[in-house]
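The chains referred to below are lettered A, B, ... by the order of the sequence lines, with proteins before strands, and numbering in each begins at 1.
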Amino acid sequence: MTTTGEWVLLSYRLPREPSGPRTTLWRRLRRLGVAQLADGVVALPADARTRESLEWLADDVLEAGGTAGIWTARPATAAQERELAAGMAAARAEEYRELTGQAAAALGAPEAEQARTLRRLRGEWRAIGRRDFFPPAEKDAAAAALSALAEAVAPTGARVGSAR
Amino acid sequence: MRWATRAGVHVDRAACAWLIRRFVDPGAEFVFVTDPADVPADATPFDMRGAALGHVGGDCSFETVLRVHGLDDPVLWRIGEIVHEADLDDGRFDAPEAPGLDVLLRGLSMTGDDEHTLAVSGPLFDGLYEFTRRRLLLGREPA
């Protein structure tokens, strides 16, 4: 029998006005890479960190005059869990594709701009990685594009000589 | 005084414990609980849901402790920025030290209990304080 994993859910309801807390919450949820199960219900695979992150957001919602609850749950079927994971993987895949495109485009840029873009994209790569619970194939392509850009900025041969 | 926080200490709680012991209550004793209901009546909770010393208005608990206890040392506020980014990673501050600090604390939580994490991270934060202090004094990276 296939068993499904544990998920942590945040259910929330925020007053429509003011819109500030809604925008902030939306931005924070997006950064965490949650799956939106329904209006006002989001989910992440459960671990100590994801649970804590959602708990703090629940407190933010309460403070903004809304209602919020934290739940742990298992999808009743493996198919439902697969669908959830696939949705999250697709969202990350889109972000990796965007990163791959930007890294490839930077190869044609002047050297100083290449270095700046590389720094920014490496930060972006780490941010995506932190919310990437089900790594899609696009992750490898993004890694390769970043490596190619790094090679253009600091060729491996030169790096060995100049490092430290 | 006794202080209580959630078991499974990571960067924000380790930093808070160091801050409390160094700058608020030298005799601080720490209790680790898994359920907020288990906080002893005589203990002050921190970095827990519902605690006054928690995440407030987008700040991490370390920043809240600084604010609540009126600590205005700029070195501590700079460390607060690093802890904020290590814990929340929301890009509010430029703190390249943050990912490294986060990884070190997460690794510690895997190899020992919470007492061990505090015992090892205390001297780390002492060092971070001294480095940050010198950097602020010099206006550049100290040797």
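For A/R28, the part sitting under 4.5 Å from any heavy atom of chain B is the side chain, from C-beta outward, and nothing else. Of the atoms belonging to A/I70, it is side-chain heavy atoms, and not backbone ones, that fall under 4.5 Å from chain B. For chain B, the nearby parts of A/E55 are the backbone and the side chain; heavy atoms of each come within less than 4.5 Å. Proximity to chain B (any heavy atom under 4.5 Å) is shown, for A/A58, by both the backbone and the side chain.
With rounding to the nearest 0.5 angstrom, the CZ atom of A/R30 is 13.0 Å from the CD atom of A/Q36. The CG atom of A/L25 sits 7.5 Å away from the CG atom of A/D60 when rounded to the nearest 0.5 Å.
Panel note: side chain B/E141, backbone B/R135; no donor-acceptor pair is recorded below 3.5 Å. A donor-acceptor pair is defined here as one N or O able to donate and one able to accept, closer than 3.5 Å; no such pair exists between the side chain of A/R92 and the backbone of A/F134.
Looking at B/D73 and B/R133, no side-chain N of the basic residue comes within less than 4.0 Å of a carboxylate O on the acidic one, giving no salt bridge.
Ranked by heavy-atom pairs under 4.5 Å with chain B, the first of A/E63, A/R126, A/E52 is A/E52.
Of residues 37-54 of chain B, those residues with a non-hydrogen atom less than 4.5 Å from any non-hydrogen atom of chain A are, in numerical order, B/D47, B/M48, B/R49, B/G50, B/G54.
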query = Taking it one step at a time, do B/D59 and B/R92 satisfy salt bridge (charged side-chain N to carboxylate O under 4.0 Å, His left out)?
reply = CA-CA 10 Å; B/D59 285 353; B/R92 184 189 284 186; 2.7 Å; yes

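In this structure, B/L118 and B/W18 have side chains that are not in contact, with every pair of non-hydrogen atoms separated by 4.5 Å or more. Residues A/W71 and A/W7 form no side-chain contact, since every pair of their non-hydrogen atoms from C-beta on lies 4.5 Å or further apart.
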